[in-house]
Amino acid sequence: MSELSELYQQVILDHNKKPRNYRKLEDATQHAEGFNPLCGDQLMVYLRVEDGVVADVGFEGSGCAISKAASSMMTQAVKGKTKDEAERLFEEFHRMVTGELDEEQTPNGLGRLKIFAGVREFPARVKCASLPWHTLHAALAGEVSTSTENLGPDIDADRVSA
Amino acid sequence: MTVTKMAAITEKETVREESHRSPAFDVERVREDFPVLSQTVNGNPLVYLDNSASSQVPQAVIDRGSKYLREEHSNIHRGVHYLSQRATTAFEGAREKVRRFLNAREARECIFVRGCTEGVNLVMHGYGRKFVSAGDEIVVSEMEHHANIVPWQMLCEEKGARLRVIPMNDAGELLLDEYEALLNERTRLVCVMHVSNALGTVNPIKEIVARAHKQGIPVLIDGAQAAPHLKIDVQDLDADFYIISGHKMFAPTGSGVVYGKAELLEKMNPFLGGGDMIRTVTFEKTTYAGLPNKLEAGTPAIASQIGLGAAIDYLNSLDRDAAHAHEQELLRYATEKLSGIEGVRIIGTAREKVSVVSFVIEGVHPHDVGTILDQAGIAVRAGHHCAQPVMQHFKIPATARASFAFYNTKDEVDRLVGAVEKVIEVFS
């Protein structure tokens, strides 16, 4: 059960129960829908971008504890960041959960998001953690939807399409 | 003696020698037949409760498949040489076993396909595209697997036909009067599952067939989930098409059967074109072979289909009534134990069910349930079970599903129950 407790840490359980920024932004400048057809997870990410800065962010949707907590913590992490900084976090998060980035060795800006490193040990659940980030990425790029089926087995970010 | 005669005799012998019976059902003895079951997963003995997705394969089936690959492999229906003859004999022997398993009149009514999905598509292309036109209707049910919805939807789109849906109640039972009210002179086909993969419901399929036949409408039955649990008699049901998947009934993936009444199969267009399904080919015109070859283009999954024959032998070696009674006891016990846990709701409470228990836990997403159970070595399915309309009916995104085979035990139910309690503890 050690790996299990690594996945379902108290912080994740807490964000699952009380997701932060769980709301639709009425004044959103861009938004995107993320969809995982495999498990039916669906979420909307709303952004209000002002002068290249994510001034506000919110999300709505249904999903498992991992995807809900990942969404919640993502909104906290990117609020107030520039678009470029948010994109860089997306890259780092994505590389961490797919095992390409050792978050303890390589300098990065992940901070509290490192808690999701444990998802690497659960290949079937990697997409749960990365779906909100891919959706954020799509919203930043001005796309309206993204789907994990377009991401390929290893969720190669280069293959995301609108 | 001619080769054909010799093959016919060998085929009979094979069928006879492998149908031995054991007197009583002994689950511990039966478990020894399934090598996959004796392993640990995440430090715990495996509890395999995902049988509705794919059942495990007994040693006898593994042995038969490897014997084919070691000693008999060759292409069928082609060679005059020894190996091709042996492969053909084994393959056609498997068809005869399937015929007996389904109680079809003739072996040529049993078309080998890779699985149920391909089977439904075969009937859609071969029968549906020929006999359904604009304004016609096809009836499916609210509880169907996507494999028995999507092909018909595609056909309706192509032809301008209409898909009608038999509703179900909140127990997960089809509403028969509403069903009958859907039938009319434009109905070309009724497509219903015998047993629900998501809910475990056993549909009153004989009655469903009878009501359609009163109006001269043929019925296709998706039997994927019935075959591992129930005795099937296509003549007694008067089924027009009955489809099974090998990998749901202890055979390898890539095996499956479309049973169809000979007169319907004769009328159908071929599905795939190619080798083996022709009589003569010229660039001006091709004439097709007779049944079953007309509907079996190309080299099939020979080892898998022979494995299906061996799985049928294996099932026949069990006391199937005793196996069924054991499964029903597992169903009763698991239902009682799980519904006794606060926060657990069982989805699918039909009066007649096979040993499938779908459930949700308040405040916990089924995928989290699935992951935590997996850490305890317990394999269940978490998701929409390729039956999204069922999830929509119950207004849930997904369920966790424990599906039991005859080789599962009450101890395993206890392990499941303990792990579900653990899930609730983690999320409390």
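These figures come from a predicted structure and were not determined experimentally.
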Review item, side-chain donor-acceptor pairs of residues 113-124 of chain B, under 3.5 Å, at least two apart:
unit_1    : atom_1 : unit_2    : atom_2 : d
Arg114(B) : NE     : Glu118(B) : OE1    : 2.4
Arg114(B) : NH2    : Glu118(B) : OE1    : 2.9
Glu118(B) : OE2    : Arg114(B) : N      : 3.4
Asn121(B) : ND2    : Thr117(B) : O      : 2.8

Q: Check the surroundings of atom CD in Glu50(A): do more than 12 heavy atoms from other residues, nucleotides or ligands lie under 6.0 Å from it?
A: yes

Q. Counting only heavy atoms not in Lys410(B), do more than 12 fall under 6.0 Å of its NZ?
A. yes

Q | His367(B), part contacting chain A, at a heavy-atom distance under 4.5 Å | A | both

Q: Count the heavy atoms of every other residue, nucleotide or ligand shown that sit under 6.0 Å from NE2 of His125(B), and state whether that count exceeds 12.
A: yes

(Q) Among Arg125(A), Gln42(A), Lys17(A), which residue has the highest count of heavy-atom pairs closer than 4.5 Å to chain B? (A) Arg125(A)

Which atom pairs, one a donor and one an acceptor, fall under 3.5 Å between side chains of residues 355-362 of chain B and the rest of the protein, sequence neighbours left out?
unit_1    : atom_1 : unit_2    : atom_2 : d
Ser355(B) : OG     : Phe404(B) : O      : 2.9
Ser358(B) : OG     : Ala198(B) : O      : 2.7
Ser358(B) : OG     : Thr399(B) : OG1    : 3.0

Q: Side-chain contact test, heavy atoms from C-beta onward, threshold under 4.5 Å: evaluate it for Tyr8(A) versus Thr371(B) and give yes or no.
A: yes

Q.
Counting C-beta onward and ignoring hydrogens, is there a side-chain heavy-atom pair between Asp41(A) and His365(B) closer than 4.5 Å?
A. yes

(Q) Please enumerate all residues that pass side-chain hydrogen bond (donor to acceptor under 3.5 Å, both in side chains) together with Tyr48(B), with sequence neighbours excluded. (A) none

Q) Is Gln39(B) atom CD crowded by more than 12 heavy atoms from other residues, nucleotides or ligands, each under 6.0 Å away? A) yes

Q: Select all residues of residues 54-71 of chain A having any heavy atom within less than 4.5 Å of some heavy atom of chain B, and report them by number, or 'none'.
A: Gly63(A), Cys64(A), Ala65(A), Ile66(A)

Q | Non-hydrogen atoms of Val426(B) and Leu13(A) that approach each other most closely | A | O-CD1, 3.4 Å

Q. In this structure, are over 12 heavy atoms from other groups packed under 6.0 Å from Asp27(A) atom CG?
A. yes

